[in-house]
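Per chain, numbering begins at 1; letters A, B, ... match sequence-line order.
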Protein chains: 2
Amino acid sequence: MCFVHICYEAIRNGLLTPMTKKNIPRPTESELEILQVLWQHGPSTVRLVNDELSKRRDVGYTTTLKLLQLMHEKGIVTRDDSSRTHVYRPALREQETQGQLIDRLLEAAFGGSALKLVQQALGNRRTTREELDQIRDLLDNIDPHATPSATDTPDELA
Amino acid sequence: MCFVHICYEAIRNGLLTPMTKKNIPRPTESELEILQVLWQHGPSTVRLVNDELSKRRDVGYTTTLKLLQLMHEKGIVTRDDSSRTHVYRPALREQETQGQLIDRLLEAAFGGSALKLVQQALGNRRTTREELDQIRDLLDNIDPHATPSATDTPDELA
DNA sequence: CGGTATTAACGAAATATTTCGTAGCAAAAG
DNA sequence: CTTTTGCTACGAAATATTTCGTTAATACCG
């Protein structure tokens with residue numbers, strides 16, 4: 001299992017590309033906080049990001065700056081430094097990153113079962129009827145008819 | 001440092017109890033790996049946990065031991081040290097911890113929208129028809145709404 | 001122009017996480 | 001009884017994350 005693990009670590013740290021995916025490190029919690037601001041406000045200066053963060057908690061300007069610089073180094077954000085005040089934007093779309101994070105959580109805590117995750121997300125939470133309806137729509141859109149992956153188990157009873 | 005943030009940090013670190021929740025620190029990724037073993041195998045010795053972890057990756061015995069000791073200090077696991085080889089078990093049930101983690105992710109990456117999370121979990125993933133049906137059942141249980149989407153299972157609640 | 005304000009770049013401290021080596025002790029084997 | 005094995009405790013290094021102070025450059029204002 002050594003080699004496998006080495007590869008896993010390497011991929012995790014962005015040294016190898018799984019060929020199908022881009023080489024983006026997993027955002028930390030602080031970095032996610034910033035990404036949420038960028039997703040919501042679009043391309044932003046350090047000042048703007050910091051102002052947003054400051055609404056929620058106490059954080060110094062240079063802290064936010066440093067974080068954005070690190071995120072830039074890691075490739076989590078891109079930046080336009082043509083003018084003196086740089087403008088940062090997410091390297092990945094919101095959905096892509098969220099998908100990554102769910103995959104991570106799925107592996108880390110749910111043994112890979114998306115079903116269990118969704119059950120947990122919906123079960124212990126008050127969800128509005130409207131939201132439930134939207135999820136029903138989603139289920140129908142996934143298409144109960146054409147679902148191709150439906151049968152991994154070839155042992156459909158004969 | 002604003003007062004709100006101090007409180008936030010304190011709660012996050014388990015110094016204050018939000019009164020409604022227990023005072024359990026958030027498991028790290030490595031700790032989750034171990035929790036999964038405990039959930040799956042029940043109360044376990046360090047040896048057993050380490051053997052399980054070793055199936056997936058290369059990890060030293062004392063590493064696992066140390067991790068379990070730290071988790072014990074943090075209150076993430078309890079242990080029976082009446083005999084020489086201690087036996088560890090999770091302090092919280094699988095579901096409780098998973099719920100916590102979802103809450104965390106919800107806040108950190110989905111702006112609190114369970115809907116978006118579920119959409120993401122189901123959307124970009126191959127989910128079997130069987131699983132989709134199970135989720136439909138779950139939805140119907142949460143909200144005995146109209147649009148009974150093929151609920152043949154006459155399940156009920158107390 | 002001279003002073004104030006704003007910004008990026010570093011360096012570094014503080015903290016958290018992961019990993020393992022060593023030592024001491026108890027149990028099992030011989 | 002002596003050796004070997006297995007276990008816990010402890011210390012500490014290696015790494016990752018978060019935070020901020022200081023400095024230097026640039027823009028702005030009067």
Give a yes/no answer on whether the side chain of B:R79 brings an N or O atom under 4.0 Å of OP1 or OP2 in D:dA9.
yes
Practice task
Remember a base hit wins even if backbone is also touched, and classify A:Q69 as base, sugar-phosphate or nothing at under 4.0 Å, heavy atoms.
Solution key: base
Residue-phosphate contact under 4.0 Å: B:T28 side-chain N/O, C:dT17 OP1/OP2 | no
In A:L132, A:T128, A:D133, the residue satisfying side chain to side chain contact (heavy atoms under 4.5 Å, CB included) with A:E130 is A:T128
Separation of D:dG21 atom P from A:L65 atom CG, nearest Å, is 14 Å
> Considering only heavy atoms from C-beta outward, does the side chain of B:L70 approach that of B:K66 to under 4.5 Å?
Replying inline: yes
Separation of C:dT19 atom C1' from B:N50 atom CG, nearest Å, is 12 Å
Quick note, B:Y61 side chain, CB onward, closest among C:dT18, D:dC7, C:dC20 is D:dC7
For a quick check, tell me whether the side chain of A:R84 and the base of C:dT6 share a donor-acceptor pair closer than 3.5 Å. yes
Taken to the nearest whole Å, CD1/B:I76 to P/C:dT18 is 10 Å
Here the distance between atom P of C:dA28 and atom CZ of B:R47, to the nearest Å, is 15 Å
* Under 4.0 Å between any heavy atoms, over every strand shown, what does A:T63 touch: base, sugar-phosphate, or nothing? Just pick one. => base
Phosphate OP1/OP2 of D:dT18: any A:S30 side-chain N/O under 4.0 Å: yes
Phosphate oxygens OP1/OP2 of C:dT22: is one of them under 4.0 Å from a side-chain N or O of B:T62?
no
Ranking C:dT7, D:dT19, C:dC10 by distance to the side chain of A:R57, first place goes to D:dT19
With the side chain defined as heavy atoms from C-beta on, B:L70 is closest, among D:dC20, D:dT8, C:dT18, to C:dT18
Taken to the nearest whole Å, CG/B:L48 to P/D:dT8 is 12 Å
Can you find a donor-acceptor pair, distance only, under 3.5 Å between B:K66 side chain and C:dG21 base? no
Beyond-backbone contact of A:L139 with B:L139, side-chain heavy atoms, under 4.5 angstrom: yes
Whether the B:Q98 and B:E94 side chains hold a donor-acceptor pair (N or O, under 3.5 Å, no angle test) is what I'd like checked.
yes
When rounded to whole Å, the NE2 to P distance for the pair A:H72 and C:dC10 reads 12 Å
A:E29 CD to C:dA16 P, in whole Å, measures 13 Å
Regarding the side chain of B:K74, the nearest nucleotide among C:dT17, C:dT19, D:dT8 is C:dT17
note: A:L67, atom CG; C:dA12, atom P; distance rounded to Å ~ 20 Å
- prompt: Got B:S113 and B:L117 here, is their nearest side-chain heavy-atom distance under 4.5 Å?
  reply: no
